[in-house]
Amino acid sequence: MLVIFLIIGSMILPILMVVLYKKWNWFQLLFTSVAIISVLIAGNILTFAIYDVIKHEKVFMTTIHGIFLNPLFLITGAYLGVYVIFSLLEQLFKNWSK
């Protein structure tokens with residue numbers, strides 16, 4: 001059930017984002033700002049995890065895969081996935097309308 005919800009959500013949310021952007025242009029600024037913040041958060045989580053591996057000479061693969069258990073990393077990654085689909089749809093509609 002959860003898998004179906006995630007798949008449907010990954011299709012509906014980008015379409016909803018495009019509709020909101022077409023209706024109110026300021027949503028583009030909001031969506032892009034949240035994407036930038038998400039990249040910074042996810043990047044910092046990865047950076048600190050790799051730094052911790054190097055500093056403490058841990059086993060690299062098992063420690064790095066532990067990042068996938070971090071809820072903040074998962075949330076930012078999920079948003080970035082939806083944002084990429086939104087951006088692609090936006091470009092598609094711009095090119096289609098030419």
Next on the checklist: Considering only residues two or more places apart or on different chains, which pairs with a residue in residues 24-45 satisfy salt bridge (charged side-chain N to carboxylate O under 4.0 Å, His left out)?
Outcome noted: none
Checklist outcome for this item: For L69, the other hydrophobic cluster members (4.5 Å side-chain criterion, sorted by chain and number) are none
Checklist entry - CE of M17 to NZ of K22: how many Å apart, nearest 0.5 Å? => result 13.5 Å
Item to check | Residue pairs, two or more places apart or on separate chains, that pass salt bridge (charged side-chain N to carboxylate O under 4.0 Å, His left out) and touch residues 3-14 | outcome: none
Checklist entry - Between G9 and P14, which heavy-atom pair has the shortest distance, and what is it? => result O-CD, 3.9 Å
Next on the checklist: Same cluster or not: L88 versus F93, using hydrophobic residues (I, L, V, M, F, W, Y) connected whenever any side-chain heavy atoms lie under 4.5 Å apart?
Outcome noted: no
Checklist entry - Is there a chain of hydrophobic side chains (I, L, V, M, F, W, Y, each step under 4.5 Å between heavy atoms) that links F31 to L80? => result no
Item to check | Straight-line distance of I67 CD1 to L74 CG, nearest 0.5 Å | outcome: 10.5 Å
Next on the checklist: If hydrophobic residues (ILVMFWY) are linked whenever their side-chain heavy atoms come closer than 4.5 Å, directly or via other members, who joins I4 in its cluster?
Outcome noted: I8, I12
Next on the checklist: Once ring pair (Phe, Tyr, Trp, His ring centres under 6.0 Å) is applied, do any residues pair with Y83, and if so which ones, sequence neighbours excluded?
Outcome noted: F86
Checklist outcome for this item: So salt bridge (charged side-chain N to carboxylate O under 4.0 Å, His left out) across residues 82-93, not counting sequence neighbours, yields E90-K94
Donor-acceptor contacts, no H, no angles, side chain residues 37-54, under 3.5 Å, sequence neighbours left out:
residue, atom, partner, partner atom, Å
S38, OG, V34, O, 2.9
N44, ND2, L40, O, 3.1
T47, OG1, G43, O, 2.7
D52, OD1, H56, ND1, 2.7
D52, OD2, K58, NZ, 2.6

Checklist entry - How long is the span from the CD1 atom in I15 to the CE atom in M11, to the nearest 0.5 Å? => result 8.5 Å
Next on the checklist: Clusters formed by hydrophobic residues whose side-chain heavy atoms approach within less than 4.5 Å: which one holds L29, and what are its other members?
Outcome noted: none
Item to check | Hydrophobic cluster of L6, others only, ordered by chain and residue number, side-chain cut-off 4.5 Å | outcome: L2, F5
Checklist entry - In terms of hydrophobic clusters joined by side-chain contacts under 4.5 Å, are I36 and V82 together? => result no
